Structure formats: structure tokens, C-alpha cells
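Only a predicted model underlies this, so the values are computations on that prediction, with no experimental measurement involved. Basis for what follows: all heavy atoms, side chains included, without hydrogens, waters or symmetry-related copies.
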2 protein chains.
Amino acid sequence: MRRRSTLKEVAAALDLSVATVSRALGGYEDIAPQTRQRVAEKARELGYVPNTAGRMLVSGRSGFVGLVLPVRGPNFVDSFLGQFVTGLGEGFVAKGVDLMIATASPGQSELDVLKHLVHSGRADGVVLTRIAEEDERVKFLLEQRFPFVLHGRLSSDSAHYSWLDTSGEAAFAQAFQELYALGHRHFGLVTIEESMTFRRDRESGLQMAIAEADDPTVRLSVARSPRFDEESHRAAISELLEREDRPTAIIGLFDELALMVMRQAQELGLSIPEELSVVGFDDVPAASYSAPGLTTFDQATRESAREIADMLARLVGGEAQAPLSRLKVPRFIARGSHGPAPQGARPRIRQI
Amino acid sequence: MRRRSTLKEVAAALDLSVATVSRALGGYEDIAPQTRQRVAEKARELGYVPNTAGRMLVSGRSGFVGLVLPVRGPNFVDSFLGQFVTGLGEGFVAKGVDLMIATASPGQSELDVLKHLVHSGRADGVVLTRIAEEDERVKFLLEQRFPFVLHGRLSSDSAHYSWLDTSGEAAFAQAFQELYALGHRHFGLVTIEESMTFRRDRESGLQMAIAEADDPTVRLSVARSPRFDEESHRAAISELLEREDRPTAIIGLFDELALMVMRQAQELGLSIPEELSVVGFDDVPAASYSAPGLTTFDQATRESAREIADMLARLVGGEAQAPLSRLKVPRFIARGSHGPAPQGARPRIRQI
DNA sequence: CGTGACTTCTAAAACGTTTTAGAAAATGTG
DNA sequence: CACATTTTCTAAAACGTTTTAGAAGTCACG
């Protein structure tokens with residue numbers, strides 16, 4: 001591997017001191033214009049690029065910002081991550097910051113990874129996703145006074161740190177309203193048990209909208225999948241679909257669940273949306289390829305990530321001080337999986 | 001932000017020299033066991049973590065490996081990236097290497113990003129995806145003798161560098177054979193114009209399988225989408241579907257194309273797989289949610305990425321020398337989108 | 001006790017950069 | 001010309017680590 005040229009070499013080639021070269025390149029005022037010119041030329045000629053390590057050492061900054069990857073089951077697929085990383089990359093590059101991805105090794109917790117990241121000085125800031133309701137990572141970062149931005153937010157304390165969130169409340173309230181207006185009165189919700197903030201927000205948005213409707217005929221049946229795997233989800237969904245009084249509209253906490261609802265409903269011979277309306281959240285690519293297309297909400301992940309990057313870069317660079325925050329409203333994407341509530345007697349499950 | 005403790009502080013607390021502390025922590029033989037013990041304890045007590053910049057400077061290594069993100073259109077979605085990044089993360093963490101993501105800023109080429117990465121010493125190695133047939137990035141890296149691993153491979157030279165590839169030839173040959181065995185004789189291929197190596201491999205796999213069948217009744221109709229956007233794809237597919245002698249089986253260069261074929265065919269009133277068989281490549285999540293499920297090939301992206309990470313870490317760490325390479329065979333995933341060729345007269349496009 | 005051979009430790013240099021404090025040179029002023 | 005001022009440059013220190021070369025101490029042995 002070819003060695004790269006250093007400040008010393010540029011200085012030697014011009015018979016100047018390294019200090020002068022450094023300051024010339026840094027655009028300082030006390031360097032004669034002519035000298036600055038010469039230095040710039042020679043630096044280009046020699047292909048000089050400042051060495052990162054040298055800079056890091058003296059500045060105390062790494063120029064990196066970390067993303068701690070959530071620990072994932074072996075078969076977990078996730079359209080979110082690619083978009084998120086792309087957006088972060090775009091946002092950071094505009095600020096001259098680089099993105100590093102920190103992964104937990106087997107047996108290591110996300111918190112361990114975070115601690116190492118903070119203490120080793122490999123990053124100047126960090127972005128966290130999938131926030132739990134009592135998130136120890138947030139506590140740690142606050143203690144350390146280490147810059148961070150959350151994708152999501154805690155219920156308490158949200159004034160003390162920076163975050164960007166997509167309002168799950170607003171979305172699920174809207175989902176309810178759209179379906180209510182179409183005549184639905186018995187709602188199903190397929191959700192998870194993990195205490196993630198996004199779960200809490202979406203669920204409470206739905207609850208509040210129901211309360212607000214103030215209609216005693218409205219009912220909500222909730223199916224909770226205890227573990228984060230397909231089998232567990234499938235069982236929870238079956239429970240909801242096969243009960244005697246099946247809801248006429250089912251909302252999935254996220255698209256994967258909604259898509260599974262559609263698939264399982266179709267396996268039972270139900271036609272969507274005539275006999276069952278389904279709504280999801282996220283707008284994953286699969287949502288537009290399913291038949292019928294899944295009605296859902298667009299999080300604009302990539303754009304959010306870009307904004308998060310921008311916020312964090314400003315925090316790290318000292319451009320912004322106090323906590324920054326931003327709440328986005330997801331966009332309703334009406335496709336074919338929802339429609340008017342079935343009339344009259346509840347259709348029975350057809351035999352196939 | 002709390003300052004982290006340094007070697008000097010640990011040394012002072014024990015009344016030892018920094019050298020001794022460094023060597024004790026490094027497990028050198030010429031440190032008395034008792035001293036080693038004391039140092040280890042004190043280091044733990046003070047929460048000492050070696051500073052990255054200091055290490056980088058003296059070792060000449062950054063401990064980072066880069067992934068240069070392909071430049072993407074604003075609406076490009078890509079289930080590949082998330083899996084790939086996850087796999088790389090998993091692979092690198094096992095080797096004590098960190099992953100950095102380098103993104104091109106607007107107007108910058110991937111090659112520029114790569115050059116900066118190499119010259120700034122921010123990374124010790126790099127992984128490249130989406131290899132073009134004449135890839136200038138590969139040329140540059142070879143010139144620089146900078147360690148890298150390709151996801152994919154060039155046709156020429158493949159002995160001179162390291163790569164991991166999933167055999168597109170094998171997959172497309174198999175796709176042909178499966179469909180041929182089901183009676184199909186007129187094949188359609190929806191592909192792109194860009195000169196990517198994966199395109200060339202898959203296309204030539206198909207051609208070779210056709211040649212090998214040595215059956216004069218076999219025909220292949222190719223539709224090439226000139227640009228990488230949905231509109232262009234749609235037009236290419238329409239051309240294939242609406243021609244007088246429509247193929248009975250259409251293969252998409254990748255799943256997105258195959259899924260679009262399915263959707264457009266269904267819009268034309270064709271039933272799949274009775275009137276048209278469709279096969280894709282990649283096994284994106286949407287492939288399992290479409291109706292019918294898309295028959296495709298599984299690349300095992302995450303696992304491949306893990307292997308790539310392992311290869312590159314070995315190259316960077318000096319464990320492995322010469323070029324490493326590995327060719328994987330994708331797994332055929334038979335779902336519902338392919339079946340026996342329609343009998344007798346070619347069914348006409350139904351009016352809807 | 002003197003010598004050599006170990007064992008255990010350390011001073012100092014090196015990595016490449018930025019910054020501080022001040023030197024040297026050029027210019028202006030009386 | 002002498003002095004002050006301004007402009008332009010530089011030596012040296014600092015960041016935190018690893019490594020090299022060697023010092024100091026200990027021990028065994030004749």
C-alpha cells in the first residue's frame with residue numbers, strides 16, 4: 001500500500017516549516033497570500049490529504065458519529081435499516097462527518113457497545129433507534145454528557161435530550177378515523193409485547209381516538225405477540241381472525257404484521273377489503289407489491305435520518321446547544337386493503 | 001462530556017512509567033506478574049480505555065474498514081443494503097474491526113469518495129458492491145495496493161483480487177431448466193442496460209443454459225430497461241407482455257422487476273402462474289408477501305456480507321495474503337409464481 | 001567479590017497534526 | 001536613523017499510544 005504524503009514532506013519540498021504549511025492550508029490570515037498559493041499548489045501536486053489520526057489526536061474529535069445497530073435475530077429482515085443508513089450517510093456527508101456502524105458481538109449488549117464507543121473516543125456522538133420505554137442507553141449517555149439524537153422519544157424527560165420522532169399517535173388516530181368513517185365499529189390491533197416507545201405511542205394514539213369518538217358501539221380487540229418472531233406473530237393473528245366475533249378492521253403495529261394479517265386472512269378465504277380492512281404502518285416496499293396493496297403510513301425514513309444526521313452534526317460541532325427536537329407527521333397512504341365495513345351480518349369464514 | 005482517563009494517569013496513580021503500563025496491558029512477558037496484576041486492577045478502576053487516535057497514529061492503522069455506499073436516486077429502495085450492513089457489522093465485530101459508511105456528497109462520484117477514504121487513512125480496507133464491468137474503482141485500488149473485497153467479480157483479472165460472488169450463472173441456468181422442464185419454450189427476460197457484472201453473469205447463465213438445451217423450439221425475448229427508474233422498467237415490461245407472441249415464462253433480472261412483471265400482468269388480466277410464469281432473483285421480503293408468492297433465488301446477503309467481512313479483516317490484519325475468493329450458489333425458492341406452461345393455443349389478453 | 005545472565009522496568013522517540021508564543025523581517029513614523 | 005508597528009513566519013509543545021534500546025536491579029556461580 002502506497003504511503004501517503006505528510007505535512008512534513010510538503011513543508012520540506014517548499015523549504016517552509018510544518019507550522020506554516022498547516023496554517024496556510026488552514027486559511028489563516030497571517031500567511032502571505034503568495035505563500036498560501038505556493039503551499040496549496042504543492043499540496044495538490046503531492047496529493048496531500050491530512051491524516052485523520054493526527055487530527056483526531058490534537059482536536060480530541062474523531063470526526064465519526066456512531067450508529068449502534070440493534071441486535072437482530074438471525075432471520076430478521078428489516079427494510080428500515082437500509083433507508084436509515086442511507087439517509088444518515090447523506091446527512092452526515094453534508095456536514096463533513098463520517099458514519100460508523102457499531103455492532104454488538106454475540107453475548108454483548110447494546111449498552112456495552114455504546115460504552116465502548118463513548119470511552120474509546122471512536123465517535124463524537126451517537127444515534128439511537130428502537131428506544132425502549134426505560135432506556136438505559138439514554139440514561140448512560142445523559143450521565144456521560146455525550147452528544148446523541150434519538151429516533152423516537154421517551155415519554156418522560158423529552159425536554160432534556162434531542163430526538164426526532166414520527167408521530168405514531170397521529171397516525172393511529174387517523175387510521176381509526178378513516179376506518180370509523182367507513183363504518184367500522186369493531187377494531188382489531190395486532191401488536192407486540194416489547195416495551196418500545198413506538199408501540200406505546202401508536203397504541204395510545206388509537207386509544208385516544210377511540211375515546212374521542214365517544215361511541216359506545218366501538219370495540220377494540222387486541223392481540224399481542226409475545227416474542228419477535230414469525231411464529232409468535234402468526235399465532236397472535238390467528239387468535240384475532242378466528243374468534244367468533246372477528247373485527248372488521250385490523251390495524252398492524254407495523255407493516256410486517258399487517259401483511260401477515262392479509263396473508264392469513266386470505267388463507268382463511270376472506271377477501272380484502274370486502275370482508276376485512278387492514279392497515280399497517282411504515283410503507284415497506286412489500287406494501288406496494290401485495291395484492292391488494294397495503295394501506296399504510298409513510299415514515300419517510302430516509303428523510304428523517306437525514307434530519308437526524310443534521311441535528312447530531314450540529315450538536316457535535318457546537319453549532320447547536322440545548323436539546324433539539326422535531327416531531328413529524330406520517331403520511332397516510334391509501335391503497336386497496338381498506339374499505340367500507342361489511343354490511344349486515346358478519347360473514348362467516350368461508351371454507352376453501 | 002466527561003474526559004476519559006489516559007495511560008499517563010494510570011501510570012501516575014501507580015508510580016510507574018507509561019511504558020510499563022502500556023506493556024503490562026499489552027501482556028508483554030517482561031513485566032512482573034504482580035505488576036501486571038496491579039496495572040490491570042487500576043486500569044479497570046479508572047475505567048481506562050485506550051484512545052483510538054493515539055493507537056491509530058502509532059500503528060498506522062485506523063481499525064476501520066469502509067463501505068462506499070452506491071449513489072442512489074431519491075426514491076430508491078433497496079432491501080439489500082440493510083442486510084448487507086448488518087452482515088458486515090457482524091463479521092467485522094468478530095475481528096475487532098469497525099465499519100464506516102462513506103457516502104458521496106451530491107456531485108461527487110463514488111471514485112472520489114474512495115480516493116479520499118484511501119488517502120486520508122480513515123480506513124484500512126474497503127468493500128465494494130455493484131461492480132461495473134469496467135470498474136475504475138477496482139483499478140484505482142489495485143494501483144494503490146489498498147486492501148479490498150468485492151461483492152461480485154469482474155470477468156477478467158479475477159485472480160488478482162479478492163471477491164465473493166453469488167453465481168448468477170448457476171441461478172439463471174437453473175431457472176431456465178426448471179421452466180423448461182415445465183414445458184415452457186418461449187422465455188422472456190426483463191433486464192437493464194447498465195453494464196453491471198451481475199447483469200452479465202445472469203444473462204450469460206441463461207444463454208448458456210439455452211444453448212445447452214439444444215432445442216430449436218426454444219426462444220428468448222429480451223426487454224431492456226434503459227434507465228434505473230420505475231417508469232423505464234414499466235415500459236420495458238409492457239413491451240414484453242403486450243407483444244403478439246407473449247412469452248409463457250418471464251424472468252426478472254432481480255425481484256423488483258419480477259414483481260413489476262407480476263403486477264402488470266395481473267393488470268392485464270393474466271393469471272399467474274396459469275397463464276404466465278414469473279421468476280425473480282434476490283428473495284426480497286416483498287417476494288414472500290406478493291400474491292402469488294414470487295419464485296426466486298436466495299442470495300443469503302447477510303451471510304455473504306459476514307464472509308466478506310471476514311475475508312477483508314484477514315487481508316487487512318495480514319492473516320491472509322494473496323487474493324481470496326469464494327463463489328456461492330444461490331438457493332432456488334419455489335413459490336407460487338411459476339408453473340406448467342399453458343397448453344395449446346396461447347391465451348389472448350383478456351379484457352377487464 | 002567480580003562477572004555474566006536474567007528479570008524487570010523506563011526514557012525517549014515516533015506517529016502527523018494543530019496551536020501557542022514568540023522570532024524575524026518588513027514597513028511605517030518621527 | 002532609531003524606534004515602533006505590522007506582517008510573516010517558525011520552534012516547540014501537545015494530543016495518547018507503542019516500541020526500541022537500554023538502564024537498573026537481582027541472582028547464580030566461580
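The CG atom of Leu46(A) sits 15 Å away from the P atom of dG16(C) (whole-angstrom rounding). Distance, Arg122(A) CZ to dG16(D) C1': 14 Å, rounded to whole Å. Protein atom CG of Asp124(B) is 15 Å distant from nucleotide atom C1' of dC15(C), rounded to whole Å. In this structure, CD of Gln34(A) is placed 13 Å from P of dA26(C), rounded to the nearest angstrom. Rounded to an integer number of Å, the gap from Glu9(A) CD to dT17(C) C1' is 14 Å. One can place CG of Leu25(B) at 16 Å from C1' of dC9(C), the figure rounded to the nearest angstrom. Computed from coordinates, the Arg55(A) CZ to dT17(C) P distance equals 8 Å when rounded to whole Å. Leu57(B) has its CG atom 13 Å from the P atom of dT19(D), to the nearest Å.
Atom CD of Glu319(A) has more than 12 heavy atoms from other residues, nucleotides or ligands within 6.0 Å.
Across Ile308(A) and Leu88(A), no two heavy atoms sit closer than the pair CG2-CD2, 4.2 Å.
Considering CG of Leu164(B) and CD of Glu303(B), their distance stands at 9.5 Å, rounded to 0.5 Å.
Here Tyr48(A) does not reach the OP1 or OP2 of dG16(C): none of its side-chain N or O atoms lies under 4.0 Å away. Remark: Tyr28(B) is not in phosphate contact with dT18(D), judged by side-chain N or O atoms under 4.0 Å from OP1 or OP2. The side chain of Ser59(A) places no N or O atom within less than 4.0 Å of a non-bridging phosphate oxygen (OP1 or OP2) of dT18(C).
Between Lys42(B) and Glu45(B) there is a salt bridge, since at least one side-chain N of the basic residue sits less than 4.0 Å from a carboxylate O of the acidic one.
Screening residues 305-318 of chain A for side-chain hydrogen bond (donor to acceptor under 3.5 Å, both in side chains) gives Glu90(A)-Arg306(A), Glu307(A)-Arg326(A), Glu307(A)-Lys328(A), Asp310(A)-Arg314(A) as the qualifying pairs, with residues at least two apart or on separate chains.
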* Structure fact -> Once base and sugar-phosphate atoms are separated, protein heavy atoms under 4.0 Å mark nucleotides 5-14 of chain D, 5' to 3', with B, S and - as ---BBBB---
N/O donor-acceptor pairs under 3.5 Å from side chains in residues 21-28 of chain B, not counting sequence neighbours:
{"residue": "Arg23(B)", "atom": "NH1", "partner": "Asp30(B)", "partner atom": "OD1", "Å": "2.9"}
{"residue": "Arg23(B)", "atom": "NH1", "partner": "Asp30(B)", "partner atom": "OD2", "Å": "2.8"}

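Under the side chain to side chain contact (heavy atoms under 4.5 Å, CB included) rule, Val68(B) has a single partner from Asp112(B), Thr103(B), Val126(B), which is Val126(B).
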